[in-house]
There are 2 protein chains.
Amino acid sequence: MAIRSETARKTTREMADDGRPLYSRAKAAMFDRIRSGRWQPGQLIPSEAEIGRELGVSQGTVRKALDSLARERLVVRRQGKGTFVVEHTPEDVLFRFFQIYEDDGSRIIPGSVGVTARTMLADNRQRQRLDLPNGAHVIRIDRLRTRKNRPFMAETIVLPRARFQGLAERRDIPNTLYDLFQQRFGILVARADERLTAVAANKETARDLGLAPGSPLLRIDRVAYALDERPIEWRVSLVHLDGAHYTARLR
Amino acid sequence: MAIRSETARKTTREMADDGRPLYSRAKAAMFDRIRSGRWQPGQLIPSEAEIGRELGVSQGTVRKALDSLARERLVVRRQGKGTFVVEHTPEDVLFRFFQIYEDDGSRIIPGSVGVTARTMLADNRQRQRLDLPNGAHVIRIDRLRTRKNRPFMAETIVLPRARFQGLAERRDIPNTLYDLFQQRFGILVARADERLTAVAANKETARDLGLAPGSPLLRIDRVAYALDERPIEWRVSLVHLDGAHYTARLR
DNA sequence: CAGTGGTCTAGACCACGTG
DNA sequence: ACGTGGTCTAGACCACTGC
């Protein structure tokens, strides 16, 4: 008779005992299904009991793992319906990743004008920001974003060409990009790190935004990361805040 | 024999059935012990089993409530030791509420110079920001904050006098205030909302920071809130960012 | 060693959504 | 009526801390 560990369960590689708690391994296993695309955005995933049987753990352990994934916004739980992989819509992308509000607290729904896109060899800074090898290409998108139909924000977006084949050739580049990333390129923006500084408007930006050169602008330098923790976008926004502000909550 | 509801448990006001789940009421009951000071900052609170007996719920339900309080940073859990009410130290206050970093990613440990404090009648804007009644007084603290011993940030802090009796008369106002608020005035800063804009330096600020007037500055307008959700501090910081930046993470 | 929080399980019942 | 996630309980064992 074969020797069998008392705590033997699923011998799959994904649930191998690496010293971490069971729920942590179950979470990693489910994360992997999402990252790999085996569970697609918007898809209903199996029930807790079903996943528990599949992974060889109890339903309560699956629940703990799913609750954690839900807190990280990778799944959405709906009582009576089931658990779904997140799907980015223009609305919730704006809500999560656009932090500029009117001073009265109301939302700004930005528009886009003057959008241009082109492919180019990545320069040193672009390669550094996007963690790209020498000789890699990038797609560069420039646009002005509007508030009440007036330009108030000049934006430069840099993407690794290899992961966005064909984007530069699209005629219509939409206002919110992250839902496009997810739905057309299978890339989910999981988080973004922003660095904010204040700069003086140069001549070109001042002209584009209808300001005097030297006007103070908020500069937002953002790197967005995909599920696999790889940088997927570098974006610099120069914002003229007149009766508006960037908002952050510290906890 | 008296009629008794099947689900009857503790009849205390704090655990009265208001339609919310048990763990939610248990959490509110424990939050109240912290807010009221019955459980003091830094104090070891009773064990999960003990609290469960006291509130008439199972240990697992207490655990769910405590996990939630721990995520909100109101308690700290230490395996083998127990659960403690959070206590603010200068280090973790700086870590949580000071978001300016060197561009190379290293922390800035700011100093303070030229600190002045005085009491005054609150003006309209101060009353509005701190939700104070007509005729209320405030303590106003002005200071310059230094980076590598050079001033880079001009700060104005406004506090409701009623909750900070005697602060204006202190000779030594420390560099980090929130741990002082907690330890001397019993006020725990639970969260802060920041509004960021870019402004041009006026003459006075330019002089204080050694800049040319008109230099772009990051303006951070912060309102900090106590556990009871009341605004407890209004702070405006004007920052000269040269090789440094404000950092925010979007999830 | 005893006491704490951390993990894991099993099972019951509830609330919600759909057929 | 049925299946889902949400709540709640009880109990077992583990890992860590301090006496």
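Numbered from 1 within each chain, the chains take letters A, B, ... in sequence-line order. Bear in mind that the values here come from a model prediction, so they are computed numbers and not experimental data.
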For this session: Give the rounded distance in Å between these two atoms: CG of Leu44(A) and P of dC16(C).
Result: 20 Å

For this session: Given side-chain contact (heavy atoms from CB on, under 4.5 Å), test Arg195(B) with Tyr101(A) step by step and report yes or no.
Result: CA-CA 9 Å; Arg195(B) 296 179 163 206; Tyr101(A) 291 78; over 6 Å; no

For this session: Indicate whether OP1 or OP2 belonging to dC16(D) is found under 4.0 Å from a side-chain N or O atom of Arg78(B).
Result: no

For this session: Examine dA10(D): is either OP1 or OP2 under 4.0 Å from a nitrogen or oxygen in the side chain of Ser58(B)? Give yes or no.
Result: no

Exercise. Of the nucleotides dG5(C), dT7(D), dG5(D), which has the atom closest to the Thr83(B) side chain?
Worked result: dG5(C)

Exercise. Starting at OH of Tyr23(B) and ending at P of dT9(D), how long is that distance when rounded to a whole Å?
Worked result: 13 Å

Exercise. Given axes from five pairs at either end, by how many degrees does the helix from dC1(C)-dG18(D) to dT18(C)-dA1(D) bend, rounded to 10°?
Worked result: 10°

Problem set entry | ring pair (Phe, Tyr, Trp, His ring centres under 6.0 Å): pairs with one or both residues in residues 72-97 of chain A, sequence neighbours excluded | Phe97(A)-Tyr178(A)

For this session: Calculate the interatomic distance between Glu48(B) atom CD and dC8(D) atom P; express it in whole Å.
Result: 16 Å

Seminar exercise, completed: Residues in residues 60-70 of chain B with a heavy atom under 4.0 Å of DNA chain D, by number, are Thr61(B), Lys64(B)

Problem set entry | Side-chain ion pair, Asp228(B) and Arg163(B), N-O less than 4.0 Å | yes

Seminar exercise, completed: Here the distance between atom C1' of dG5(C) and atom NZ of Lys81(B), to the nearest Å, is 13 Å

Exercise. Can a side chain N or O of Ser47(B) be found less than 4.0 Å away from OP1 or OP2 on dG3(C)?
Worked result: no

Exercise. Rounded to whole angstroms, how far apart are CZ on Arg77(A) and P on dA15(C)?
Worked result: 18 Å

Exercise. What integer distance in Å separates Glu50(B):CD from dT4(C):P?
Worked result: 8 Å

Exercise. Choosing from dT7(C), dG5(D), dT9(C), which nucleotide comes nearest the side chain of Gln79(A)?
Worked result: dG5(D)

Exercise. Could you state the CZ-P distance from Arg53(B) to dA10(D), rounded to the nearest angstrom?
Worked result: 12 Å

Exercise. Hey, does the side chain of Gln183(B) reach the backbone of Leu180(B) with a donor-acceptor pair shorter than 3.5 angstrom?
Worked result: no

Exercise. Does the pair Leu227(B) and Leu74(B) meet the rule for a side-chain contact (heavy atoms from CB on, under 4.5 Å), with working shown?
Worked result: CA-CA 9 Å; Leu227(B) 276 186; Leu74(B) 295 182; 3.4 Å; yes

For this session: Sort out for me which residue in Lys64(A), Arg53(A), Arg77(A) forms a salt bridge (Lys or Arg N to Asp or Glu O under 4.0 Å) with Glu48(A).
Result: Arg77(A)

Exercise. Hey, does the side chain of Arg96(B) reach the backbone of Arg251(A) with a donor-acceptor pair shorter than 3.5 angstrom?
Worked result: yes

For this session: Determine the minimum heavy-atom distance between Arg107(A) and Glu102(A), stating which atoms define it.
Result: O-CG, 4.3 Å

Problem set entry | Asp193(A) (side chain) donor-acceptor with Thr247(B) (main chain) under 3.5 angstrom | no

Exercise. In whole angstroms, how far is the P atom of dT7(C) from the CD atom of Gln59(A)?
Worked result: 17 Å

